[in-house]
Amino acid sequence: MTTKTATISNIQPSKSDVKRLVKAMTAISWIVLSIGVLLSLINLSHFSDKNVGLMVGIGFLIGSVHIYVIGTAIGLVHARLNQEQSSKDFKEPQ
């Protein structure tokens with residue numbers, strides 16, 4: 001009795017998919033930042049922690065930074081993975 005096995009090693013998102021994701025997350029972070037600035041400026045007259053609009057605006061400002069950092073990290077990790085894989089492929093035929 002023989003069992004056939006197959007391995008699939010190249011199940012990875014393509015480079016263009018990751019670039020598109022990074023660009024989309026950057027655009028989303030700019031939109032969220034704009035909304036945060038707008039909400040903060042509109043509700044700046046009553047500077048208090050009870051001012052919900054101001055607190056939401058500040059939350060949007062902080063959230064936009066997180067979105068941008070996560071998008072950039074995804075791009076850097078994918079670039080590093082491709083770099084390691086290409087160096088591994090280059091060294092493999094010994």
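Note that the structure is predicted; figures quoted are calculated from it, not measured.
Here the OG1-OH distance, from Thr26 to Tyr68, works out to 5.5 Å after rounding to the nearest 0.5 Å. Rounding to the nearest 0.5 angstrom, the gap separating the OG atom in Ser64 from the CD1 atom in Ile35 is 10.0 Å. Rounded to the nearest 0.5 Å, atoms OG (Ser40) and CZ (Phe60) are 10.0 Å apart. Expressed to the nearest 0.5 Å, how far CG of Leu39 lies from CG of Leu54 amounts to 9.0 Å. Put simply, CD1 on Ile28 and CG on Leu33 are 13.5 Å apart, with the number rounded to the nearest 0.5 Å. The line from CG of Leu81 to CD of Gln83 is 10.5 Å long, rounded to the nearest 0.5 Å.
Note: the hydrophobic cluster containing Val37 does not contain Val56 (ILVMFWY, side chain heavy atoms under 4.5 Å, direct or indirect links). No continuous path of ILVMFWY side-chain contacts below 4.5 Å connects Val65 to Leu21, so the two sit in separate hydrophobic clusters. Criterion: ILVMFWY side-chain heavy atoms under 4.5 Å apart, direct or through other members. Under it, Val18 and Val69 are not part of a common hydrophobic cluster.
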Set out, in order, the CA-CA distance, both residues' side-chain angles and the distance that settles side-chain contact (heavy atoms from CB on, under 4.5 Å) for Ile58 and Met55, then state yes or no. CA-CA 5 Å; Ile58 292 172; Met55 294 298 115; 4.2 Å; yes
Could you walk me through whether Met25 and Val22 pass the side-chain contact (heavy atoms from CB on, under 4.5 Å) check? CA-CA 5 Å; Met25 289 187 76; Val22 171; 6.0 Å; no
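Among residue pairs with one or both ends in residues 65-74, none qualify as salt bridge (Lys or Arg N to Asp or Glu O under 4.0 Å); sequence neighbours excluded.
At a threshold of 4.5 Å between non-hydrogen side-chain atoms, the residues Asp17 and Arg20 count as touching.
Asn51 and His46 get closest at one heavy-atom pair: ND2-O, 2.8 Å. When every heavy atom of Ile67 is checked against every heavy atom of Ser29, the shortest pair comes out as CG2-CB, 3.9 Å.
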